[in-house]
Structures are given as C-alpha cells and as structure tokens.
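What follows is a set of notes on a single structure, which appears directly below.
In what follows, residues are counted from 1 in the order of the sequence shown. Not measured: the values here are computed from a predicted model.
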Amino acid sequence: MPATTYTNPILNADWSDPDVVRVGDDFYLTASSFGRVPGLPLLHSRDLVNWTLIGHALERLEPAGEFTKPRHDCGVWAPSLRHHDERFWIFWGDPDQGIFQINAPEIRGPWTRPHLLKSGKGLIDACPLWDEDTGEAYLVHAWAKSRSGVKNRLTGHRMDPDGRELLDEGKLIVDGDRIPGWFTLEGPKLYQHDGWFWILAPAGGVETGWQGALRSREFFGPYEEKVVLEQQDTDVNGPHQGGWVRTPSGQDWFLHFQQKGAYGRVVHLQPMRWGEDGWPVLGDDGAPVAVHEKPDLPPQPAAAPATDDDFPGGRFGRQWQWTANPQHGWATHHSGDGLRLTCVRSADAHDLRRLPNVLTQRLPGTPAAVEVELRLHSEEPGARAGLAVLGDAFGWIGLQRDADGTVHLVHRFAEGVADHERDADHARPAPTGRARLRIEIGAGARCRFLYDVGEGLRPSGPVFAATPWRWVGALLGLFALAPVGGGHAGAATFSHFRIDHL
C-alpha cells in the first residue's frame, strides 16, 4: 500500500527560494539558481510530494559578459513562477542588473530571452499579479541592502499586462521598519483571495526568520500584517519564503525553505487553511509539520530529482550546472558513454572557486556516498581532473599528470580564507591513469575522501567539513584543468557517477 503521509523536507537539497504554480493536474516549481548555468530549474509533480527535474528555463545568464567567471552569490535571486494568458511566466531579480522576465507557451519552452523590466541595483524578489477581474497587472519587489543601501521594504508598480513595461515610478507599499520587531522583509509573493490583495513574505533573515502574511483591499495599501509560520518548539529553523498553491479540490498548501548550512535551503510542504478571522493558517497552527497526511491528489510513485549519470554519448543530465556561462568545447560528445571534459588551461587552477568550467550538482541533504570513475587521458604536465566538494572552502580528490609523465592520485583542499589549495594527503601512484573516487558525506556534511587505484578503496586525508557559500549550499563538482600554455591540453573521462544514500 502506498504511504498516506509524507515527511519533510520533501526536497532534501538546495532548492532555494521555491515558488510553485498549478496548471490543470500538474504542479511546477522553480528556485533560485544564482550564478550557475543553466539557470531557473523547472520541477514537476502530480502530488506536491514527489518531484522530478524536467529542465531549466534560462539557457545562459545575461549580460553574458558579466558571467564568464563564477559569481556564486549573484545572478538569479528568488524567482516567481506564474501561468497567465496560456503562458508560463518567470520574474526574478538580479541584484546587480534589475528585474527580468521570461515567458513560454509550455513549461519546457521555448522560453523567451530575458527582458529587463526594471533596471537598477538591489532590485530583488520580483512577483507579478494579473487581476483577472479588472484586466490590470501589478508587480511587487524587495530590496537588497548590499547593493542599494535599502532593505526591509516592498515596492509596488502597476504593470502593462504584456509584462514588458512598468506603468509608474513605483510606490513603497510596505515599510518593514514600521512593523514592530520585523526586519529583512523580502521574498514577496503576490495573490488575490476573498476580496483582498495578499503578500506572503518572509522576514527575520534566512537562519531564524518567519513567514508573514500581509493584506490590503487595494494593491497600493495600506497593508496589515500577521506572522503565520515560525519555528516555535520544532527543529525547523527560519521556516519561510515560498509559495501558496491550491489543489483541484480546493485544498491549500504552502511550500517554503529551511536553511541548513552546507546543505543549502531544503524545501518543506505545509498544510494551509483559512482561519475564521480570514487569515491563512500554515502548518500545525503556525508551526512547521514534520509528518502530515498527503494532499488529496492521486497517489504517485516515489520520485526525486535525478542525481546518477552514465553520461550517454558524453552528454550530462539535467541535474548538472556549470559555475558560469559555458564555452564551446568544455564537454565533448562522442560515440560511447562517459563525460569527456577538456583539460581547460587556467591561471586559476590552484583555486576551484574561481573556475567557470566546473560541472556541479547539489549536495544531498542526507548521509550519502558519492562515487565516480575517472581516467586522465591528458599527457600535459600538470593536467589534473577530479571530484570536488565546493563551497566557501573546498576539497577534491583526483588524478594529476606529473612532469615525468607519471600519474598520481592527489587530494587537496583550501580553507575559506585561503586563496590557494594545498595537499590534504601525500600523492600516490596511479599507474593505469585510472581511479575510482568516493566521498562519504556524513552528519553535518562532514566528508571523508576515498580512492581506489586498483588495490581496493582506501581513505585519504582528514575529514573535510563542507561549507556553503553566502546564499548557496555546498556543491559536488567534476572538473578537468591544465596549466597556462599553448595548444590543446587533452581531456579526462568521468563515468558511472552515483549517489547512494547511507
């Protein structure tokens, strides 16, 4: 018998700042992708519990010249996903560029190129609303103090219904400084219900904040507010920022994130109802639920976004993202299986955090073993390839070609304050130029590195504690590099990438 309950988190990895929409019997979710490419992941579900990754809406970050190198905490912040006029729409703020919009007739595209709707610094967390009764459209957004010097307030605009132009200069519609105890009001999601304009918005910061609801009879206010979800006596810190969705039968649900250090922002599903006072009630009377009855939707098989990859024909799955806009030739298609990465020449080979040609996916949120097989083909002295855990600090294990032509197994790391990597263990011969690489990720994202160069798995170096970047969870990465020089530096092949939960 299929389970009748679900357990939070429903997405136990870094799907930051989720937003959700229902179209017919299908639910779709997108999330922040920051500086990784492709951006704006698109997930699909039929029951709000089991989700699969079906693609991305943003092929490259724009302006392209701004993202030739990693900008891990920039790019796509807190998108809003909507369906209007037989089209899907995504709005988001780039804190350095402004508010962008794209749309498509189908969730899988083709998506339009990004349209800059409002230019400026610190414009983030944009959300549109089309009033189906009046034909008018609106936009609300928040502010990033790091770019604008302003935060804790929401600005509203009237918008042309085609989503390409704002019709006024904007008005401050909610000033969080005037709400006692509220700070870092951001991430607004805009709705209409029961004759009110509703803004569901978090406050209090990602680690310790809460979910607020604000309502007004008029879009431009005045708004009244209420805290509708907070940690209380649970172990779910900072439960907030997400989206409301209604099932075909009329049940209401709210998806939001929880910040979990190196694991990033995992996604929870909360039941939602409307109280006698007309305000939404989330979770268990305002506290996050750990286990709950599933939504009243047809049972679905267990599913989760893909992680494993055999790289058929040299192609990688949807779960992978580059750390910047990719260049032609980084990954080569071929007739067999296995990911063939070019050993890209770089002056930054000593620091993986600076490299755009690292192929990444999210760190799993539960204890897991990550394995991949590697063959280093490059004959270039100093060429290297490996498996990494990337964050503000990083560690990696892999193969390197030495000046005398031999290949060694190497294991290196760098602390967050260091600008060069250093050895975590002594180099060991890898006479066949092949290795099986393994990282065992335990509680607290503590990573143990292992290798097999033909004599069975052996541990390497001390345990490494994975760390996040500022807004991004730690990432798993595959890379191939070579020192600065002339000509083609060869390649490395990765095969049989697996993540097994421990």
Side-chain angles (χ1 to χ4, degrees), residues 262 306-312 314 316-317 319-320 336-341 343 352 358-361 363-364 366-379 381-390 393-414 421-466 474-481 490-502:
T307 56
D308 297 354
D309 207 340
D310 288 320
F311 310 108
F316 49 85
Q319 63 268 37
W320 298 97
D337 292 345
L339 175 68
R340 188 170 297 166
L341 292 183
C343 292
L352 298 184
V358 182
L359 198 59
T360 67
Q361 66 165 282
L363 194 76
T366 56
V370 182
E371 275 201 13
V372 71
E373 295 179 15
L374 169 63
R375 181 179 178 187
L376 182 62
H377 308 284
S378 174
E379 300 291 335
R384 69 201 70 165
L387 170 66
V389 177
L390 281 169
F394 70 87
W396 69 273
I397 191 165
L399 298 173
Q400 177 171 300
R401 179 79 63 179
D402 294 334
D404 62 2
T406 61
V407 177
H408 279 84
L409 187 292
V410 295
H411 178 193
R412 299 192 176 123
F413 79 103
E421 66 187 23
R422 55 194 176 98
D423 288 333
D425 206 342
H426 298 294
R428 297 170 174 84
T432 66
R434 297 172 181 264
R436 178 164 61 113
L437 309 173
R438 181 179 173 94
I439 301 176
E440 294 178 353
I441 307 166
R446 294 174 62 80
C447 301
R448 184 168 172 254
F449 290 75
L450 304 98
Y451 68 95
D452 178 4
V453 290
E455 300 171 342
L457 274 175
R458 297 186 176 184
S460 179
V463 170
F464 171 78
L475 299 166
L476 299 169
L478 304 176
F479 68 91
L481 299 171
T493 299
F494 295 86
S495 57
H496 304 104
F497 183 92
R498 296 288 184 271
I499 297 181
D500 295 312
H501 295 283
L502 298 176

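With values rounded to the nearest 0.5 angstrom, Asp310 atom CG is found 15.5 Å from Phe316 atom CZ. Annotation: the span from Leu475 atom CG to Thr360 atom OG1 amounts to 4.5 Å, rounded to 0.5 Å. The CG atom of Leu341 lies 6.5 Å from the CG atom of Leu478; values are rounded to the nearest 0.5 Å. To the nearest 0.5 angstrom, His496 atom NE2 is 11.0 Å from Asp308 atom CG. For the atom pair Phe494 CZ and Glu373 CD, the distance stands at 12.0 Å (nearest 0.5 Å). In this structure, Arg384 CZ and Arg412 CZ are separated by 5.5 Å, a value rounded to the nearest 0.5 Å.
Nearest heavy atoms, Ala383 versus Leu376: O-CD2, 3.9 Å. Residues Ala492 and Cys343 approach most closely at N-SG, 4.4 Å, considering heavy atoms. A pairwise comparison of heavy atoms in Tyr451 and Pro459 identifies CE2-O, 3.8 Å as the closest pair. Nearest heavy-atom pair across Val358 and Gly477 is CG1-CA, 4.0 Å. The two atoms that bring Ala414 and Glu421 nearest to each other are CB-CA, 3.9 Å, heavy atoms only. Contact record, Ile397 with Ser460: CD1-CB, 4.0 Å, taken as the closest heavy-atom pair.
Partner of Leu409 under the side-chain contact (heavy atoms from CB on, under 4.5 Å) criterion, chosen from Asp425, Leu399, Asp452: Leu399. The only option from Leu359, Asp309, Thr493 that meets the side-chain contact (heavy atoms from CB on, under 4.5 Å) definition with Leu339 turns out to be Leu359.
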- [ ] For the pair Ile499 and Leu476, evaluate side chain to side chain contact (heavy atoms under 4.5 Å, CB included) and give the outcome as yes or no after the intermediate values.
- [x] CA-CA 11 Å; Ile499 297 181; Leu476 299 169; 3.8 Å; yes

*asked:* Walk me through whether Leu352 and Leu390 qualify under side chain to side chain contact (heavy atoms under 4.5 Å, CB included).
replied: CA-CA 8 Å; Leu352 298 184; Leu390 281 169; 3.6 Å; yes

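Applying the ring-ring contact (aromatic ring centres under 6.0 Å, His included) criterion to Phe497, with sequence neighbours excluded, gives Trp320. Judged as a side chain to side chain donor-acceptor pair (under 3.5 Å), and not counting sequence neighbours, Thr432 has no contacts. Arg438 pairs by the side-chain contact (heavy atoms from CB on, under 4.5 Å) definition with Ala369, Glu371, Glu440, Leu450, Leu457, Leu502, not counting sequence neighbours.
The closest side-chain heavy-atom distance from His501 to Pro367 is not below 4.5 Å. Between Leu387 and Leu374 the shortest side-chain heavy-atom distance does not fall below 4.5 Å. Thr307 has its side chain out of reach of Pro364: every pair of non-hydrogen atoms, C-beta onward, lies at least 4.5 Å apart.
The backbone N or O of Thr406 lies less than 3.5 Å from a partner atom in the side chain of Asp404, making a donor-acceptor pair.
Within 6.0 Å of CZ on Arg434 lie no more than 12 heavy atoms contributed by other residues, nucleotides or ligands.
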